[in-house]
Structures are given as structure tokens and as C-alpha cells.
Amino acid sequence: MFTGLTRIDHVGIACHDLEDKIAFYESTFGLVVASREVNEAQGVKEAMLHVADGPSGSSYVQLLEPLGPDTPVGKFLAKRGEGVHHVGYGVDDVAAALEAIGAKHVRLLDERPRHGSMGASIAFLHPKDVGGVLTELVQASEDPL
Ligand code: MC0
């Protein structure tokens, strides 16, 4: 059995206005922005706000603004409005995790790891096979950007 989830790496939250939501999380929860990136391949402008550090790494709130309507987050916002878009779990080895989880007949949206926030290697699992939750596996970079 796969037993390799090491932490909640981040909760991804879809929003219409990234700057507005960053200001809300800063002023309401006192969170601090750890990184900001535009990820063209994923169709998002995003920010990671640091929440806590644990023995197996850090956890974040990830705020996601779509780059356009025909992107994963753009479609999600049109259908469901703002809110939790996905949960990202930490793993030590994302390729090994994909192999083990794929063998359980969970559909892999990424057969191979892709580039994620802060230099991480990431891969998504289909929400329909994970109880309606879009699920991301995150292998943090040894040398975060
Ligand atoms: C769609 N669905 C979701 C969902 N998005 N369910 C739960 N959570 C979500 N986030 C459901 C829809 O309601 C629909 O169900 C069904 O899945 C098909 O959705 P669709 O709107 O027709 O869209 P598709 O099929 O074109 O794409 C959905 C899919 C896609 C999840 C496959 O969004 C995808 O490949 N996502 C992975 C990449 C991604 O999300 N990138 C953005 C974050 P019904 O029942 O209505 O049929 S990038 C990121 O986060 C990076 C930067 C990082 O963390 O480092």
C-alpha cells in the first residue's frame, strides 16, 4: 500500500483577483507571501503564503488567479465560483507516488511530473477518482526559488 503522504503542502484557492485576496490573507490571518509566479503551462498567476513549518517541510495557502477563462482555474471559477480548488500533499518522490497510486486505478492527470510552485515537481490526480477533490502530489525542491 502507498503510505507516502508526508504533509499537507498547500491548499489551492481559486480567486478572481489575486492582489485583493493576498491583501485579505495578510490582513486577516497575518500570513506572509513566500513566492509569486506566473505558470503559463498551468494557466495561472499564483502566490504561496507561508502557514507553518513541520518536520517534513512547510505548508502554504496557494492563491490562484486564472490567466484566462479557458484554463482549469478559469473554468472552475465560472462553474463554482471562488473557493477551494485543490489540495496538495507532500511526497518524497512524486514519480514513485504516481506509479503506486496509478496502480490503484486512480486516473493520473499527469503521467509525468510537471513544474510547480517554488521549483517543486507536481502531478495531479483526477477529482472524480478522489471523492470530488482535485488532488496534487508535491515533491518540494531541495532548493526552493
Ligand atoms: C473540475 N472538476 C473539479 C475540479 N475541476 N472537481 C473538483 N475540484 C476541481 N478543481 C470537475 C467538474 O466539476 C466536472 O464535474 C469534471 O470535473 C470535469 O470538469 P470540466 O470543468 O469539464 O473540466 P475538464 O474536464 O476540462 O478539466 C478538469 C480537470 C482539469 C480537473 C481534469 O482542471 C485539470 O487537469 N486540472 C489539473 C491542473 C490544474 O488544475 N492546474 C491549475 C492549478 P461534473 O460532475 O460537472 O462533470 S496549477 C497549480 O496549482 C500549480 C501552479 C502548483 O500547485 O504548483
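Please read all numbers here as calculations on a predicted model, not as lab measurements. One-based numbering, in listed order, for ligands and for the atoms of each.
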*asked:* Run the side chain to side chain contact (heavy atoms under 4.5 Å, CB included) test on E37 and H115 for me, step by step, so that the C-alpha distance in whole Å, both residues' side-chain angles and the decisive distance to 0.1 Å come before the verdict.
replied: CA-CA 12 Å; E37 285 177 52; H115 164 76; 3.6 Å; yes
*Which residue holds the protein heavy atom closest to atom 7 (C) of ligand 1, what is that atom called, and what is the gap in Å?*
G132 O, 3.2 Å
*Kindly say whether G88 contributes a backbone atom to a donor-acceptor pair with the side chain of D9 at under 3.5 angstrom?*
no
*Specify side chain, backbone, both or neither for E37, according to which of its non-hydrogen atoms lie closer than 4.0 Å to ligand 1.*
neither
_Heavy atom of protein inside 4.0 Å of atom 28 (C) of ligand 1, strictly below_ = no
*Do any nitrogen or oxygen atoms of N39 come within less than 3.5 Å of a nitrogen or oxygen of ligand 1?*
no
*asked:* Just to confirm my output: which protein heavy-atom neighbour is closest to atom 35 (O) of ligand 1, and how far is it?
replied: L109 CD1, 3.7 Å
*asked:* Could you check whether atom 32 (C) of ligand 1 has a protein contact, counting only heavy atoms that fall below 4.0 angstrom?
replied: yes
*Of all the atoms in ligand 1, which lie at a distance below 4.0 Å from a heavy atom belonging to G116?*
55 (O)
*Do other residues, nucleotides or ligands put more than 12 heavy atoms under 6.0 Å from L67 CG?*
yes
*Looking only at protein heavy atoms, identify the closest one to atom 4 (C) of ligand 1 and say how far it is in Å.*
F76 CD1, 4.0 Å
*In the protein, which heavy atom is nearest to atom 38 (C) of ligand 1, and how far is it?*
Q42 OE1, 3.5 Å
*Say you draw a straight line from CG of L125 to NE2 of H86; how long is it, rounded to the nearest 0.5 Å?*
11.5 Å
*Just jot down the ligand 1 atoms closer than 4.0 angstrom to any heavy atom of H10, in number order.*
54 (O)
*Could you see which bit of P127 sits under 4.0 Å from ligand 1, with heavy atoms only: side chain, backbone, both or neither?*
side chain
*Determine whether the side chains of H10 and E136 contain a donor N or O and an acceptor N or O closer than 3.5 Å.*
yes
*Evaluate the criterion side chain to side chain contact (heavy atoms under 4.5 Å, CB included) for residue pair I13 and Y25; output intermediate values, then yes/no.*
CA-CA 11 Å; I13 297 172; Y25 274 81; 3.2 Å; yes
_Hydrophobic cluster membership, with links at side-chain heavy-atom distances under 4.5 Å among I/L/V/M/F/W/Y: are V84 and F24 in one?_
yes
*Check whether any side-chain heavy atom of E46 lies under 4.5 Å from a side-chain heavy atom of S117, and answer yes or no.*
yes
*Would a search of protein heavy atoms around atom 25 (O) of ligand 1 find one under 4.0 Å away?*
no
*Using the side chain to side chain contact (heavy atoms under 4.5 Å, CB included) rule, take E111 and L98 through it: C-alpha gap first, then chi angles, then the decisive distance, then the call.*
CA-CA 7 Å; E111 294 286 341; L98 279 177; over 6 Å; no
*asked:* For L64 and Q42: C-alpha separation, side-chain torsions, deciding distance, then whether side chain to side chain contact (heavy atoms under 4.5 Å, CB included) applies.
replied: CA-CA 10 Å; L64 300 156; Q42 296 284 355; over 6 Å; no
*Contact check, M118 vs ligand 1, heavy-atom distance below 4.0 Å*: no
*Are any of the protein's heavy atoms under 4.0 angstrom from atom 46 (O) of ligand 1, yes or no?*
yes
*Can you tell me if CD on E26 sees more than 12 non-hydrogen neighbours from other groups inside 6.0 Å?*
yes
*Around atom 30 (C) of ligand 1, find the nearest protein heavy atom and jot down its residue, atom name and distance.*
P72 CB, 4.3 Å
*Under 4.0 angstrom from ligand 1, any heavy atom of A120?*
no
_Could you identify the single nearest non-hydrogen protein atom to atom 43 (C) of ligand 1 and state the distance to 0.1 Å?_
F124 CZ, 4.0 Å
*Hey, is CG on D53 packed in by over 12 heavy atoms from elsewhere, all under 6.0 Å?*
yes
*Is any side-chain N of the basic residue among K45 and E19 closer than 4.0 Å to the acidic one's carboxylate O?*
no
*Name the closest protein heavy atom to atom 21 (O) of ligand 1, giving the residue it belongs to and the distance to 0.1 Å.*
K79 NZ, 3.4 Å
_Among all the protein's heavy atoms, is there at least one whose distance to atom 53 (C) of ligand 1 comes out below 4.0 Å?_
yes
*Measure from atom 40 (O) of ligand 1 to every heavy atom in H85, K128, H126 and give the option owning the shortest one.*
H85
_Checking a contact table here: which protein heavy atom is nearest atom 3 (C) of ligand 1, and how many Å away?_
R80 NH2, 3.6 Å
